[in-house]
2 protein chains.
Amino acid sequence: MRSGDGVDLTEAEFFRALSASQLARIASQVIEKPFARGRVLFFEGQPAEYLWAIRRGAVRQYKGSADGHVTTLEVLGPGEIFGAVSALEEGNYPASAEGVSEGVAWCLKRNAFLKMLAEEPWLTVEVLRVVSHRLHDARERVRSFAHDPAPTRLAQALMRATRDGEARVTRRDLAEAAGTTVETAIRVLRNFERDQIIEGKVGRVRVLDEPALSEIAGSSRS
Amino acid sequence: MRSGDGVDLTEAEFFRALSASQLARIASQVIEKPFARGRVLFFEGQPAEYLWAIRRGAVRQYKGSADGHVTTLEVLGPGEIFGAVSALEEGNYPASAEGVSEGVAWCLKRNAFLKMLAEEPWLTVEVLRVVSHRLHDARERVRSFAHDPAPTRLAQALMRATRDGEARVTRRDLAEAAGTTVETAIRVLRNFERDQIIEGKVGRVRVLDEPALSEIAGSSRS
DNA sequence: CTCATCATATGACCCGGATCATACCTGAGT
DNA sequence: ACTCAGGTATGATCCGGGTCATATGATGAG
């Protein structure tokens, strides 16, 4: 909506570690791709062509299952990079990516990215930092998905999606992030609403009682 | 059992990327810690003191939940490193580690590890490679835990644990790796046994029909 | 050899949540 | 204004699998 919403390339993960001269050199090779809500940036299994970074808006990475279920792995916002690992290694995206809102992404050709890393190996530390953090998150989610009940996982997903007390997500978005169904997401959110914890609207959720939500997200409930 | 079971330091992740001179220099700082089955190497939340590598045997990383459930995140074998991310970053282990079998681990002090990385930044690529692979696995497990039924997850856990047609694991081990309960693991494995897919013993499982098991592990079952 | 401990095994029960069906609401496009 | 797709809502039903109880077989320590 408001246009000053995004970040500068110098603030983005990886790029912010570049010196001014390096950045100047690489900036010309970075192209911008606007995307709409729901627009797929790449599909799982496609050869990794770019390193991506988000200038404005949000992108989710997700995986589909054989039975038609979709699971959101992570939702990324301005300044966050993705596709780095695949660009670095095997050459195939391990998950699909699509716009959660409209926005703009930066793309850096795989080769340019690799060349930069070869020239300045310590830049790898920056990438490693990002990947490490994602690994930490993914593991925590494995633990949560292993035993936590749906309300707990939905509370977590809701909290992750909340900015300034409000989350711009549909019940389906939350269901796919929490590994459950739309119907369950709706029912659970209605209960939260009954308990004055949230206020539900179409396409968004307002958090009224953040501590209570946090309590539910923190597992171990009766 | 047989003593030639382990690997050499030059074959271990990270260390194998070192030059002969670097290895010689660091080898004196690497200490060996034998461990028994079930012996905890470190607990979640403790300050990360070492970079670990496995010389012989197997180690699992796991997380506990408030409700007492334990979830195995990954099982590592000879040559594989762990604790690297925590040694590199925050300074706290994000998960606990314990011996799955008896064995021997190498430990390199955090500072020595960081010093080596600072001297030879491209070594970070080696670490990044490892972490990337773990991230890929963790995400796939998030997807699986989100929707796959218990038999599918148990088949996956069983296949991961199998070496040469046999897995040296208890039903509890499999349950914790698959995010289910011991009772369910037992029942499901009994069904596999009824279907001539496996042969169950105490503390180990022999795989008779690997294709059938693979089929079940591949999600989408009726 | 004996005992304590853990692994395996099985039945009974129940509940969370998936599935299926249906309906209303809301916003965007023609 | 009308239509239509997607979001929200709710009930009915069913079942996978968690929980509890109990029993026996294997194993290692003393």
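A, B, ... follow the sequence lines: proteins, then strands. Residue 1 opens every chain. Quantities reported herein were computed from a predicted structural model and do not represent experimental measurements.
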**Student:** The side chain of I186(A) is closest to which nucleotide in this list: dA21(D), dA21(C), dT8(D)?
**Tutor:**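 For I186(A), the side-chain atoms sit closest to dT8(D).
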
**Student:** For dT8(C), does OP1 or OP2 lie under 4.0 Å from any side-chain N or O of R171(B)?
**Tutor:**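 For dT8(C), OP1/OP2 do have a side-chain N/O of R171(B) under 4.0 Å.
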
**Student:** Does R60(B) count as lying over the ring of Y62(B), i.e. NZ or CZ under 6.0 Å from the six-ring centre, within 45 degrees of the axis?
**Tutor:**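 Because its charged atom sits under 6.0 Å from the ring centre and within 45° of the axis, R60(B) does stack over Y62(B).
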
**Student:** Could you state the atom-to-atom distance from CZ of F192(B) to C1' of dA9(C) in whole Å?
**Tutor:**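 Computing the F192(B):CZ to dA9(C):C1' distance gives 17 Å.
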
**Student:** Can you tell me the distance, in whole Å, between the CG atom of N191(B) and the P atom of dG11(C)?
**Tutor:**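 Between P of dG11(C) and CG of N191(B): 12 Å.
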
**Student:** Select one nucleotide: of dG17(D), dG11(D), dA9(C), the one nearest the side-chain heavy atoms of P151(B).
**Tutor:**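 Output: dG17(D).
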
**Student:** Check this for me: does the side-chain of R187(B) come within 3.5 Å of the base of dT19(D) through a donor and an acceptor?
**Tutor:**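 Checked by distance alone, the answer is yes.
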
**Student:** What is the distance, to the nearest angstrom, from the NZ atom on K201(A) to the P atom on dG27(C)?
**Tutor:**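 Interatomic distance, NZ of K201(A) to P of dG27(C): 11 Å.
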
**Student:** Figure out the CG/C1' separation between L189(B) and dT8(C), and round it to whole Å.
**Tutor:**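 Taking CG of L189(B) and C1' of dT8(C), I get 11 Å after rounding.
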
**Student:** Given dG17(C), dT10(C), dA26(D), identify the nucleotide with an atom nearest to the side chain of T184(A).
**Tutor:**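 So the side chain of T184(A) is nearest to dG17(C).
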
**Student:** Test your reading of the model: is there a side-chain donor-acceptor pair from R153(A) to the backbone of G179(A), 3.5 Å cut-off?
**Tutor:**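 Side chain of R153(A) to backbone of G179(A), a donor-acceptor pair under 3.5 Å: yes, one is there.
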
**Student:** Could you state the CG-P distance from L174(A) to dA9(D), rounded to the nearest angstrom?
**Tutor:**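 Rounded to whole Å, this separation is 12 Å.
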
**Student:** Do NZ/NE/NH1/NH2 and the carboxylate oxygens of R129(B) and E13(B) come within less than 4.0 Å?
**Tutor:**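 Answer for the salt bridge query: no.
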
**Student:** Between F15(B) and W106(B), what is the ring plane arrangement, given parallel below 30°, perpendicular above 60°, and tilted in between?
**Tutor:**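 Because their plane-to-plane angle lies in the 30° to 60° range, the rings of F15(B) and W106(B) count as tilted.
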
**Student:** Assuming nearest nucleotide by heavy-atom distance, tell me which of E193(A) and A146(A) is located more 5' along DNA chain D.
**Tutor:**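 Closest to the 5' end, via its nearest nucleotide, is E193(A).
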
**Student:** So does T181(A) get a side-chain nitrogen or oxygen closer than 4.0 Å to the phosphate oxygens (OP1/OP2) of dA18(C)?
**Tutor:**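 T181(A) to dA18(C) OP1/OP2: side-chain N or O found under 4.0 Å.
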
**Student:** Contact class for G200(B) vs. all strands (heavy atom < 4.0 Å): base, sugar-phosphate, or nothing?
**Tutor:**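 The residue G200(B) makes no contact with any strand.
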
**Student:** Closest to the V202(B) side chain: dG17(D), dT26(C), dT8(C)?
**Tutor:**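 That would be dT8(C).
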
**Student:** Centroid separation under 6.0 Å, is that true for the rings of F42(A) and Y50(A)?
**Tutor:**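 For Y50(A) and F42(A), the ring centres are not under 6.0 Å apart.
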
**Student:** Which part of the nucleic acid does R172(B) contact within heavy-atom distance under 4.0 Å: base, sugar-phosphate only, or nothing?
**Tutor:**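 It contacts sugar-phosphate atoms only.
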
**Student:** For the pair made of NE2 in H147(B) and C1' in dG17(C), what is the distance, rounded to whole Å?
**Tutor:**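 My rounded result for the distance is 12 Å.
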
**Student:** Rounded to whole Å, how long is the line connecting atom CG of D173(B) with atom P of dC6(C)?
**Tutor:**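 After rounding, the reported distance stands at 14 Å.
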
**Student:** Choose from dA9(C), dA7(C), dG7(D) the nucleotide whose nearest atom is closest to any side-chain atom of T170(B).
**Tutor:**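 It is dA7(C).
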
**Student:** Rounded to the nearest angstrom, tell me the gap between atom CG in D148(A) and atom P in dG16(C).
**Tutor:**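 D148(A) atom CG is separated from dG16(C) atom P by 15 Å.
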
**Student:** Of the nucleotides dC20(D), dT10(D), dA18(C), which one has an atom closest to the side chain of E183(B)?
**Tutor:**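 Comparing dC20(D), dT10(D), dA18(C) against the side chain of E183(B), the answer is dC20(D).
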
**Student:** So, for P94(A) and H136(B), which heavy atoms are closest and what is the spacing to 0.1 Å?
**Tutor:**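 Nearest pair, atom of P94(A) first, then H136(B): CB-CD2, 3.4 Å.
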
**Student:** Could you pick out which residue, R204(B) or R153(A), lies toward the 5' side of DNA chain C when each is mapped onto its nearest nucleotide?
**Tutor:**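 The answer here is R204(B).
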
